[in-house]
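Quick notes on the structure that follows.
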Amino acid sequence: MKLSYTYYESEDGWFVGHFDDYPDYDTQGRSPEDLETMLNSLYRDMELDKTVPAKRKELELAS
């Protein structure tokens with residue numbers, strides 16, 4: 001499977017990117033190759049979310 005992604009190099013030297021189909025999920029790496037490793041990991045995590053039953057709770061935040 002191939003997914004396209006968009007990335008840029010930040011001012012501090014990190015490569016930040018996301019899959020074009022999932023623009024809300026950024027990840028980063030120290031090099032373009034490291035970024036691709038992190039994108040692969042992100043995709044595996046997103047696919048795992050589809051197979052594991054989700055649970056929902058509420059958290060009361062202190063003011």
Side-chain angles (χ1 to χ4, degrees):
M1 167 189 268
K2 290 186 180 184
L3 288 176
S4 60
Y5 66 94
T6 300
Y7 75 99
Y8 64 92
E9 186 173 0
S10 66
E11 291 179 6
D12 59 357
W14 286 85
F15 291 84
V16 180
H18 62 265
F19 291 112
D20 294 341
D21 291 341
Y22 304 96
D24 294 335
Y25 299 96
D26 282 340
T27 190
Q28 62 186 8
R30 282 284 185 194
S31 67
E33 296 79 17
D34 191 31
L35 174 60
E36 287 190 354
T37 298
M38 299 309 289
L39 284 165
N40 270 295
S41 177
L42 174 62
Y43 183 75
R44 284 192 310 273
D45 289 346
M46 289 189 306
E47 284 300 300
L48 178 63
D49 285 347
K50 294 177 185 176
T51 62
V52 176
K55 296 178 183 174
R56 172 164 259 150
K57 291 181 78 173
E58 287 186 1
L59 174 64
E60 186 169 337
L61 302 174
S63 354

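FYI, the numbering just counts along the sequence from 1. On a predicted model such as this, the values are computed, not experimentally measured, just so you know.
Taking both residues in full, the closest heavy atoms of Tyr25 and His18 are given as O-CB, 3.4 Å, listed atom of the first, atom of the second, then distance. Of all non-hydrogen atoms in Asp20 and Tyr5, the two that sit nearest each other are OD1-C, 3.5 Å.
Remark: Leu42 CG to Phe19 CZ distance equals 6.0 Å, nearest 0.5 Å. Here CG of Asp21 is found 9.0 Å from CE of Met46. Values are rounded to the nearest 0.5 Å.
A side-chain contact (heavy atoms from CB on, under 4.5 Å) with Val16 holds for exactly one of Asp26, Leu35, Thr27; it is Asp26.
Between Glu9 and Trp14, the closest side-chain pair of non-hydrogen atoms is not below 4.5 Å. By the 4.5 Å heavy-atom criterion applied to side chains, Phe15 and Met38 are not counted as neighbours.
For Thr37 (side chain) and Glu33 (main-chain N/O), a donor-acceptor pair under 3.5 Å exists by modelled atom type.
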